[in-house]
Amino acid sequence: MDTGVGDALTGDAAAVRALGTRLRGPRDAALTQALLALSPAQTARLILRLSARDARRLIGMLPEAPSLRVLRALDPSIAEELVDDTTRDRLARLINGLPRDQAVDVLDEMPGSLRRALLPLLEDRAALSRALDHLKDSAGAVMERRFVSAGEDQTVGGVIEAIRAHADRIGKIYAVYVTDAQGRLTGYLKLRDLLLQDRAARVGDIQRDNPVSVRADSDRAEAAREAEARALPVLPVVDSGGRLIGRITAQELREIDRAEADEDRMIMAGVRVGATATDSVLEIVPRRLPWLAAGLIGAGIAALVVGRHEAALTEAAILASLIPIVMSLAGNAGIQASTVTVQAQTSGAFWTGDLPMRIVREAAGALLNGLAVGLLVAGAVLTLGAFAVIDRPGALAATAGVTLVLVTVQAAVVGTLVPVALDRLGFDPAVATGVFITTSNDVVGVLIFFLIATTLYL
């Protein structure tokens, strides 16, 4: 390996700067060969240490196929940032030379905007567009079309010889799928079945029946949940007629889980799906402003509640110092409860029959947490009253303690119920829960605070 490239790969700052200088210089054949000797993952790691300008030059030095493998190894948002017009033309030429199913796979793994930019440059763009639309968010979109299968009439010995003959093209084998004359999935064999059975045995006679499979048009998240529920490392994919067309590998199943979790976290944080760290200013605004506006409505309602109790604040200005504590605790307790509920819903682990007990458990846990926090704040108020002039510190401490207990319990109950109610109404809980939780906790929490303060302190 080229010493400079190797040192830059380890993160040596001087080597990274030197590599950038080489990339900005005249065409360097030795550097190109050194880059080609790296794996796609190594090149992707190297790119992350370069400036965007130098990274684009590096991508441009590589031939079409290696550059595509490197782009696929990068996060989609970063890959999109590195592709210029020249690289797009080169990628289009490469995709035009691929079979349609492989071209669909390549395009499907690309960022949306890059895919849209490439499609007009492709010869078979109409058919590819239809295939991509059909596969979006489906099991077919993430399946691998390379798998090991055998016909029912084949012998064990024939299957073993076929596997040996194509060993260089076969990755890890989890199962050999069995199909009938029409290509329909009828069963499967484990490797131990092939090793322990007579080589003359007919595959259809020794196959394991009732294989678990998913249709290509089923939701990919449902496919991942099915694999997890059955403890399957790989899931076969069939078309509408039951014909075996692919498999979802263990790596893809993990990627689905990660993608779904990332999507839920983005939405619950008030950021639209698709937002990335490389968004431009004009992309940041439309992706975040609607959620900020929705939150502003809730804050406005909370402000109206505070305004209606202006007289109480005038009479005892110290109460205003407790409002941020009340709102913060309510918000955190609500988000904790709602996050657990949404996670259970998205993972398929939500138990409808257990909902009443779930609410009881959340309320009881929130009661204990509220008592702990309430006692802590009440103790702080009493301690402060011993060193500063505070009107009726005991009553103020009781107001703070009781309020925090009540708002914690109500926030936990609301945080548990809101995702369930949204799901029953046909809304995506991950999309709308955050706004409802924030608004209800701010408004109800402040209202509880003033009711308690009016009763115990004023």
Side-chain angles (χ1 to χ4, degrees), residues 98-109 124 126-227 229-230 232-253 256:
L98 295 175
R100 183 182 297 174
D101 58 343
Q102 293 182 27
V104 170
D105 285 342
V106 170
L107 289 168
D108 186 60
E109 293 182 11
D124 201 13
L128 290 172
S129 294
R130 288 193 299 270
L132 288 167
D133 289 340
H134 171 70
L135 291 176
K136 184 179 180 182
D137 289 332
S138 68
V142 295
M143 74 179 184
E144 184 178 279
R145 289 176 171 80
R146 184 174 58 181
F147 53 87
V148 179
S149 65
E152 292 176 323
D153 292 331
Q154 287 184 254
T155 64
V156 169
V159 174
I160 293 174
E161 292 304 319
I163 292 175
R164 287 176 176 171
H166 299 90
D168 57 330
R169 297 170 54 194
I170 299 174
K172 189 172 183 179
I173 302 176
Y174 293 93
V176 175
Y177 300 110
V178 183
T179 58
D180 62 15
Q182 287 73 43
R184 292 188 294 262
L185 179 66
T186 61
Y188 68 99
L189 294 172
K190 292 185 176 181
L191 291 182
R192 67 188 305 271
D193 298 327
L194 295 175
L195 295 175
L196 298 178
Q197 294 290 338
D198 190 300
R199 292 176 63 90
R202 180 176 173 271
V203 167
D205 295 333
I206 64 170
Q207 70 179 24
R208 297 171 186 250
D209 297 324
N210 303 316
V212 177
S213 63
V214 293
R215 281 181 40 154
D217 56 1
S218 61
D219 185 84
R220 64 180 187 175
E222 292 179 5
R225 286 196 290 269
E226 180 72 15
R230 306 283 188 129
L232 298 174
V234 176
L235 200 59
V237 181
V238 298
D239 63 12
S240 58
R243 289 179 290 272
L244 181 65
I245 58 175
R247 64 172 185 162
I248 303 178
T249 64
Q251 180 180 352
E252 286 294 349
L253 291 170
I256 293 170

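We number each residue from 1, following the sequence as shown.
With rounding to the nearest 0.5 angstrom, the CG atom of L185 is 11.0 Å from the CD1 atom of I245. Taking CG of D198 as the reference point, atom CG of D205 lies at 11.5 Å (rounded to 0.5 Å).
Residue pairs meeting the salt bridge (Lys or Arg N to Asp or Glu O under 4.0 Å) criterion with at least one partner in residues 154-164, sequence neighbours excluded, are E161-R164, E161-R199. Note on residues 232-246: pairs passing salt bridge (Lys or Arg N to Asp or Glu O under 4.0 Å), not counting sequence neighbours, are D239-R243.
A pairwise comparison of heavy atoms in G241 and R184 identifies O-CD, 3.4 Å as the closest pair. In terms of heavy-atom proximity, I206 sits nearest to L189 at O-CD2, 3.5 Å.
Remark: E152 engages V178, D180, T186, R202, Q207 in a side chain to side chain contact (heavy atoms under 4.5 Å, CB included) (not counting sequence neighbours). Checked against salt bridge (charged side-chain N to carboxylate O under 4.0 Å, His left out), D209 has no partners two or more places apart in sequence or in another chain. Taking T179 as the reference, L244 meet the side chain to side chain contact (heavy atoms under 4.5 Å, CB included) condition, with sequence neighbours excluded. For V148, the side chain to side chain contact (heavy atoms under 4.5 Å, CB included) partners at least two apart in sequence or on another chain are I163, I170, I173, V176. For R192, there are no side chain to side chain donor-acceptor pair (under 3.5 Å) partners at least two apart in sequence or on another chain. Among residues two or more places apart in sequence or in another chain, the side chain to side chain donor-acceptor pair (under 3.5 Å) test is passed with Q197 by none.
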Do V212 and L235 pass the side-chain contact (heavy atoms from CB on, under 4.5 Å) test, and can you show the C-alpha distance, the side-chain angles, and the key distance before you say yes or no? CA-CA 7 Å; V212 177; L235 200 59; 4.0 Å; yes
